[in-house]
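In what follows, a single structure is set out as structure tokens and then discussed.
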Amino acid sequence: MNSLTAAAIGTAVAAVSSPFLLDLLKRLKSRQTISEHVAEHAHKQGTPTMGGLMILVAALVTIALDWRSEYMPFVILLLGFGAIGFVDDFVVPRLMAGKRGLGWRHKLILQVLLGAAAMWTISHEPLTIAWGTFSILFFSNAYNFSDGIDGLAGSLGLILFGFFALMSLLPGFQWAMVGGFLVFLYWNRFPAKVFMGDVGALPIGAVLGLMMYFIGSTLPTTLSWVGFVAFAFVMIAELVPPPLQVLSVKLTGKRIFPRTPIHHAFQAAGWSELKIVGLFAGVQLAGAAVAYYCFTAS
């Protein structure tokens, strides 16, 4: 399947399914629960979540139409991490009163098992499985943190998967994801009509991690490592501060950052959501450009 066909299929599937999906989410009362620590987001309470399903459907339909064995680990991640996200977004809040989702320990254990299962289809070498699983978990949780303000997850995802599509890493599948993101961003842009939810962010981030594993496993030069860091810079900035914040509060009783994830620190400084999204998308676009140069020149 060529890139144009894949992009067209991904866009069409997401565009056709999205109105029905949003109506279903409203009927199921799949709504965003806003943390009491982010008071300025109180008006978002009740906004439908799990909108990332439209991107997953677009990706899976394209994979089904262009099946090849190389897709197997991606299918495991899309379905497995999507299931974790569904339990976190929908099942737990309804079965356990007062809980917003799965505890981080349960979520992490499930992610490790699924990440290792996906890597097992690629290699049986323990170090390879460990490195790939780490990359999957890192990007899955980092990207999940970005689903915090209107348009941020959609903008970053469009740039990230656009990069992989240009790098021609399974281009059909990647261009289908780009098409899905174009539709999702239409609904997720400010003011957001739907959020991605863990059901979308976790598997999408996991796929990003696997793609970065493929690039990272062939980084022979310093220039390539520069590209790797540049590409992952925003994801690193999203993932690293929250655990550091928790550790600092527990050990010293003091915060390192005004708020975490880091985009909320910009909000605390008075930045608008549109300005924050513009900054993060701009930095990610610059990082992707640097990475593309480094990976193609090395």
Side-chain angles (χ1 to χ4, degrees), residues 10-11 13-15 17-26 28-35 38 41 44-60 77-93 100-102 107 111 136-137 139-162 176-209 234-235 238-239 242 261-264 273-274 276-277 280-281 284:
T11 303
V13 170
S17 65
S18 59
F20 299 99
L21 174 62
L22 293 180
D23 182 65
L24 177 62
L25 294 177
K26 290 176 182 177
L28 294 175
K29 298 181 180 180
S30 175
R31 298 170 178 171
Q32 184 79 1
T33 301
I34 303 301
S35 170
V38 193
H41 283 195
K44 302 178 189 289
Q45 182 74 29
T47 302
T49 188
M50 299 204 299
L53 283 169
M54 68 182 73
I55 302 174
L56 300 192
V57 170
L60 290 169
L77 295 179
L78 289 171
L79 295 178
F81 278 68
I84 295 173
F86 179 75
V87 171
D88 192 56
D89 285 335
F90 191 80
V91 177
V92 170
R100 297 176 61 197
L102 282 170
K107 192 183 298 186
Q111 288 176 345
I136 289 167
L137 265 65
F139 278 89
S140 178
N141 290 287
Y143 185 70
N144 191 37
F145 277 136
S146 75
D147 187 31
I149 60 178
D150 299 9
L152 183 57
S155 299
L156 293 177
L158 184 61
I159 297 168
L160 291 164
F161 279 94
M177 294 289 285
V178 169
F181 266 106
L182 287 171
V183 177
F184 174 75
L185 190 54
Y186 171 80
W187 297 105
N188 182 239
R189 75 191 192 282
F190 183 88
K193 303 296 189 299
V194 68
F195 291 110
M196 181 168 286
D198 283 15
V199 73
L202 288 178
I204 288 170
V207 167
L208 285 172
V234 173
M235 293 294 98
E238 286 284 0
L239 183 65
I262 200 65
H263 53 261
H264 287 315
E273 292 187 58
L274 289 174
I276 296 169
V277 171
F280 277 57
Q284 184 61 69

| request: Give the minimum heavy-atom separation between D150 and P191, together with the two atoms involved. | output: OD2-CA, 3.4 Å
| remark: Of all heavy-atom pairs linking P242 and P261, the shortest is CG-CA, 4.2 Å
| field | Residue pair G180 / A58: nearest heavy atoms and the distance that separates them | value | CA-CB, 4.4 Å
| field | Euclidean distance, D147 CG relative to L156 CG, rounded to 0.5 Å | value | 10.5 Å
| message | The criterion is side chain to side chain contact (heavy atoms under 4.5 Å, CB included); which residues satisfy it with N188, sequence neighbours excluded? | response | F184, A192, F195
| task | Apply side chain to side chain contact (heavy atoms under 4.5 Å, CB included) to the pair L239 and N144, showing each step before the final yes or no. | result | CA-CA 9 Å; L239 183 65; N144 191 37; over 6 Å; no
| Full working for side chain to side chain contact (heavy atoms under 4.5 Å, CB included) between F181 and I204 | CA-CA 11 Å; F181 266 106; I204 288 170; 3.8 Å; yes
| task | Any chance you could measure L60, atom CG, to L53, atom CG, to the nearest 0.5 Å? | result | 10.0 Å
| task | Hey, could you give me the NE2/CD1 distance between H264 and I149, rounded to the nearest 0.5 Å? | result | 7.5 Å
| task | Apply side chain to side chain donor-acceptor pair (under 3.5 Å) to S18 and list each qualifying residue two or more places apart in sequence or on a separate chain. | result | W187
| query | Aromatic ring centroids of F86 and F90 under 6.0 Å? | reply | yes
| Working for side chain to side chain contact (heavy atoms under 4.5 Å, CB included), residues F161 and L208 | CA-CA 8 Å; F161 279 94; L208 285 172; 3.6 Å; yes
| query | Under a 4.5 Å cut-off applied to non-hydrogen side-chain atoms, are S140 and L202 in contact? | reply | yes
| said: Is any side-chain heavy atom of V178 closer than 4.5 Å to one of L158? | reply: yes
| remark: Between V277 and S155 the two heavy atoms that sit nearest each other are CG1-OG, 3.7 Å
| field | From CE (M54) to CG (L21), nearest 0.5 Å | value | 5.5 Å
| said: Q284: which residues meet the side chain to side chain donor-acceptor pair (under 3.5 Å) condition with it, sequence neighbours left out? | reply: none
| field | Contact check, side chains of F280 and I262, non-hydrogen atoms, under 4.5 Å | value | yes
| said: What verdict does the side chain to side chain contact (heavy atoms under 4.5 Å, CB included) test give for V183 and T11, after you've listed the backbone C-alpha separation in whole Å, the side-chain angles of each residue and the deciding distance to 0.1 Å? | reply: CA-CA 7 Å; V183 177; T11 303; 4.1 Å; yes
| query | Between CG of D88 and CE of M50, what distance do you get to the nearest 0.5 Å? | reply | 11.0 Å
| What pair of heavy atoms forms the shortest contact from K26 to P48, and how long is it? | CG-CG, 3.9 Å
| Nearest-0.5 Å distance, CE of residue M235 to OH of residue Y143 | 7.5 Å
| message | Using every non-hydrogen atom in the two residues, find where F145 and E238 come nearest and quote the distance to one decimal. | response | CD1-O, 3.6 Å
